[in-house]
Amino acid sequence: MKFGKTVVKCRIPILVAAILLMIPSVIGMAATRINYDMLTYLPEDMDTVKGQDILMEDFGKGAFSFIIVEGMEEEKVAAMKAAIEEVEHVDTALWYDSVMDLSVPMELLPDKLYQAFNAGDATMMAVFFDSSTSADETMEAIQEIKQVTKKQCFVSGMSALVTDLKELCEKEEPIYVGIAVVLACGAMMVFMDNFLIPFVFLLSIGMSILLNMGTNYFLGEISYLTKALAAVLQLAVTMDYSIFLWHSYEEQRESASDKKEAMAEAINKTLTSVVGSSITTVAGFIALCFMSFTLGKDLGIVMAKGVILGVIGCVTTLPAMILVFDKLLMKTRHKSLIPSTEKLAGFITRYYPVFLVLFAALLIPAYAGYRETGKEVYYELSDSLPRDMDNIIANTKLQEAFDVGSTHMILTDVSVPMDEKREMMKEMEQVDGVKYVLGLESAIGPLIPEEMIPQSIKEILQSDNWELMLINSEYKTASDEVNGQIDSLNRILKKYDQKGMLIGEAPCTKDMIEVTDRDFKVVNAVSIVAIFLIILVVERSFTLPVILVAVIEFAIFINLGLPHYTGTSLPFIAPICISTIQLGATVDYAILMTTRYKSERYNGNGKREAVATALAASIPSVIVSAMGLFAATFGVAVYSDIDMISSLCMLMARGAIVSMFSVILALPAMFMLFDRMICATSIGMKNKMRRKSEVTI
């Protein structure tokens, strides 16, 4: 009671402190760097990551792009190339005039070189940057290059992709929050008993969200996915805690002498319940930190922090606001639109075998679909973006005009003899889908001694320790064909140079596929075990954790199984995140009903009466909670042009509804079926029931 009384007494200082904290929070949020490159989250010990570091350290090159120029005279292309080289952070622009003077006709080039950079009236140049793929400097340079090249030119590559993605995210993200706020507020106004309280909730949660986003500054940077989803997710997940406090306050007002005493008691009751409830949600997000693909750690830390800050806000700033607005809140009450649920609860408990059969009938196809969905995800980051984006158009032109689906880079030790490098290049060009391999040897030919190589070309393609080669492939990044091609190229490379490295977007994406496939299994197992153990401790039962996790996992199987049956391909990160987020966020629905069911059994009520009472009491809270999560995420899913964000939000929205039905229909049936086992395996339950029975007699 002491904590609640302290909050009530200090309500004005608490509100003042919360408002003052918003100033550094806004500054911190603005100063937090956003990372738009998924490939930077690969483990640092991988060859592809090490190779990128070598490229930066030894060659002073990080990012790489192809620029396609259509219908432009050679002199103008040369002038444009010179202008591009003047752009800050452009290290090198490679085109015909890098090798030959424009007075020498292009047709005199070796066929391979000519075809590599020319197709019809289109020509292509390669641009290297002295900053990394997704560095702010690179994105600024890409923007400047777009201004220099105008509409006749198209900039492809990963750096151009993240630049376009950043622009789209910055345009859409404020709208995500607006949509989530409006729809969540609308849902609360409909399903709760007060018109004003949703706005108070949103004000309190908004402060917690700002504090969470501001404290991300201390993490250094966060991913664009985390930034886009964190506010929406935190709003959806922590809305439950606010609802619980409000209902508890209303209940206490009926018996307390005044509103302050009622709030103090409500805070203490809420703190006990919400801390227990939030632990499972935090555990679900912390499980993401076990991914070796560190995007999971990024999202997991930010969201776990958000839930904790949401709980703190729920028992400090929210009570203070409710007391300040108490008179207005009392005037804006209305009857809840959710009707009495006693008849529905009686029906479900009476015909529980029907729901058990339904559960069993859906389980196998749901699990089968869930397994297949995990195999049908896509990894090509550009596939999640609108088709009319500049980078997507450029990549399409690159593929159509030059038949280039992806570009790899090879780093070989300079000590490898030149004749061996030529043999290696010949072997690589025989690999299916390889158009050509370009290196020093391509530029000078076998008859010209190494000493006669122009210094300008040497500086571009050779450092003190490494030589750089480019491989253009017909196959698209993340395709099965390119992954097989990468395996073949690596075998050839290692035959000639054990230290050699194959790097680039496609090799990095291949590593990402392998890493995230393993991560999915690890994260799923960690989240299930962690939440199982938490329920075991909270409920002091060996049977209940199995039942509760099984019911929510069943909902997850349905949610993630549907994309397989509807022919929908999900981004690779979706199944990993949703399996843990849905479990952590919606197992609370099951815990709420379980707590009431145990309480009814402790009080001596029979099995059917206990289950029906628990169900009738829980249905309104479960519906309000699920609809809040649905409303906050569904609108974003419909609006967003970024499929990675849209898919995750749609899965969360659908997951909330599926979990709601699973808890309302399947969980009571499980209680009815396993009641005797639950009583026998729950610590102290039999003794309490026996003592209650003796008192009644």
Subject >> Derivation of the side chain to side chain contact (heavy atoms under 4.5 Å, CB included) call for K5 and I267 >> reply: CA-CA 9 Å; K5 285 182 177 178; I267 290 169; over 6 Å; no
Taken in chain and number order and not counting sequence neighbours, the residues that satisfy ring pair (Phe, Tyr, Trp, His ring centres under 6.0 Å) with F195 are H334
Any donor-acceptor pair under 3.5 Å linking the side-chain atoms of S527 with those of T580? no
- Message: Checking side-chain polar atoms at under 3.5 Å, does K598 have a donor or acceptor matched by the opposite partner on S682?
- Response: no
Exercise for review: Consider only side-chain N and O atoms of T32 and N216, and report whether a donor and an acceptor are under 3.5 Å apart.
Suggested key: no
Closest non-hydrogen contact found for I578 with N559 is CG2-ND2, 3.8 Å
Flag the pair Y224 / M644 as yes when at least one side-chain heavy-atom distance between them is below 4.5 Å, and no otherwise. yes
Could you check if a side-chain atom of I645 sits within less than 4.5 angstrom of a side-chain atom of L225, using non-hydrogen atoms only? yes
Output for pair (L629 CG, T238 OG1), nearest 0.5 Å, gives 11.0 Å
Problem - T215 and N212, any side-chain heavy atoms less than 4.5 Å apart - result: yes
The complete set of salt bridge (Lys or Arg N to Asp or Glu O under 4.0 Å) pairs with one or both residues in residues 162-186, sequence neighbours excluded, reads K146-D164, E173-K227
### Message
As a quick check of understanding, evaluate side chain to side chain donor-acceptor pair (under 3.5 Å) for S208 and Q234, giving each step before the final call.
### Response
CA-CA 9 Å; S208 297; Q234 190 176 337; 4.8 Å; no
Q: Spell out, as yes or no, whether a donor-acceptor pair under 3.5 Å connects the side chain of S248 to the backbone of F244.
A: no
The ring pair (Phe, Tyr, Trp, His ring centres under 6.0 Å) partners of F554 (sequence neighbours excluded) come to F359
Rounding to 0.5 Å, atoms OG1 (T226) and CG (D298) come to a distance of 3.5 Å
Nearest heavy-atom contact between K607 and M672 is NZ-O, 3.3 Å
The reported gap from CZ in F355 to OG in S662 (rounded to nearest 0.5 angstrom) is 12.0 Å
Closest heavy-atom pair, M263 versus P319, reported as atoms and distance to 0.1 Å, is SD-CB, 3.6 Å
| query | So, N194 and T332: side-chain donor and acceptor under 3.5 Å apart, yes or no? | reply | yes
For residues 614-627, dump all side-chain donor-acceptor pairs below 3.5 Å to protein atoms at least two apart in sequence or in another chain.
{"from": "S618", "atom 1": "OG", "to": "A614", "atom 2": "O", "distance (Å)": "2.7"}
{"from": "S625", "atom 1": "OG", "to": "D240", "atom 2": "OD1", "distance (Å)": "2.5"}
{"from": "S625", "atom 1": "OG", "to": "D240", "atom 2": "OD2", "distance (Å)": "2.6"}

Exercise for review: Mark yes or no for whether R601, through its side chain, and A610, through its backbone, hold a donor-acceptor pair below 3.5 Å.
Suggested key: no
Contacts of E609 meeting salt bridge (charged side-chain N to carboxylate O under 4.0 Å, His left out) (sequence neighbours excluded), chain-then-number -> none
Does a sphere of radius 6.0 Å around CZ in F199 hold more than 12 heavy atoms from other residues, nucleotides or ligands, not counting ones at 6.0 Å or beyond?
no
Sorted by chain and residue number, the side chain to side chain contact (heavy atoms under 4.5 Å, CB included) partners of I301 (sequence neighbours excluded) come out as L219, C289, K297
inquiry  = Within the 4.5 Å heavy-atom criterion, are L385 and D643 side-chain neighbours or not?
reply    = no
For I534, the side chain to side chain contact (heavy atoms under 4.5 Å, CB included) test, sequence neighbours excluded, returns I279, T280, A283, V538
Worksheet entry | Parallel, tilted or perpendicular: rings of F293 and Y41 (30°, 60°) | perpendicular
d(S134 OG, M139 CE) to nearest 0.5 Å is 6.0 Å
Closest non-hydrogen atoms of A231 and V177, given as atom of the first, atom of the second and distance, are CB-CG2, 4.0 Å
I576 backbone acceptor or donor facing S579 side chain under 3.5 Å
yes
- [ ] Indicate yes or no: at least one non-hydrogen side-chain atom of V526 is less than 4.5 angstrom from one of I286.
- [x] no
Here the pair of heavy atoms bringing S278 nearest to V307 is CB-CG1, 4.0 Å
Query - Test item: I34 and I222 side chains (from C-beta on) under 4.5 Å apart, heavy atoms - result: yes
Across all chains, not counting sequence neighbours, the ring pair (Phe, Tyr, Trp, His ring centres under 6.0 Å) partners of F634 are F630
Sorted by chain and residue number, the salt bridge (charged side-chain N to carboxylate O under 4.0 Å, His left out) partners of R33 (sequence neighbours excluded) come out as D136, E221
Between L648 and C577 the two heavy atoms that sit nearest each other are CD2-CB, 3.9 Å
Full working for side chain to side chain contact (heavy atoms under 4.5 Å, CB included) between D588 and T281 | CA-CA 8 Å; D588 292 350; T281 309; 3.4 Å; yes
Salt bridge (charged side-chain N to carboxylate O under 4.0 Å, His left out) filter on R596, not counting sequence neighbours, yields E600
Residues 323-330 side chain polar contacts: donor-acceptor under 3.5 Å, at least two apart:
{"from": "D326", "atom 1": "OD1", "to": "Y249", "atom 2": "OH", "distance (Å)": "2.6"}
{"from": "D326", "atom 1": "OD1", "to": "R253", "atom 2": "NH1", "distance (Å)": "2.8"}
{"from": "D326", "atom 1": "OD2", "to": "R253", "atom 2": "NH1", "distance (Å)": "2.9"}

| said: Just checking K269: does its NZ atom have more than 12 heavy atoms from other residues, nucleotides or ligands closer to it than 6.0 angstrom? | reply: no
Are the side chain of T316 and the backbone of I312 linked by a donor-acceptor contact shorter than 3.5 Å? yes
Q) Under a 4.5 Å cut-off applied to non-hydrogen side-chain atoms, are L245 and I322 in contact? A) yes
Check: Within the side chain of N603, is there an N or O that forms a donor-acceptor pair under 3.5 Å with the backbone of N605?
Finding: no
L570 vs L560, test: side chain to side chain contact (heavy atoms under 4.5 Å, CB included). Steps then yes/no.
CA-CA 10 Å; L570 297 174; L560 282 174; 4.2 Å; yes
- [ ] With side chain to side chain contact (heavy atoms under 4.5 Å, CB included) as the test, would you mind laying out the steps for Y241 and T270 before giving the verdict?
- [x] CA-CA 8 Å; Y241 312 148; T270 301; 5.7 Å; no
Rounded to the nearest 0.5 angstrom, the CE-CD1 distance for M303 and I308 is 11.0 Å
Residues at least two apart in sequence or cross-chain that pass salt bridge (charged side-chain N to carboxylate O under 4.0 Å, His left out) with D641, listed by chain then number, are none
* Y217 OH: over 12 foreign heavy atoms closer than 6.0 Å -> no
Rounded to the nearest 0.5 Å, the CD1 atom of I205 sits from the OG1 atom of T317 at a distance of 9.5 Å
* Asked: Would a 4.5 Å heavy-atom cut-off, applied to side chains only, mark L210 and M29 as touching?
  -> yes
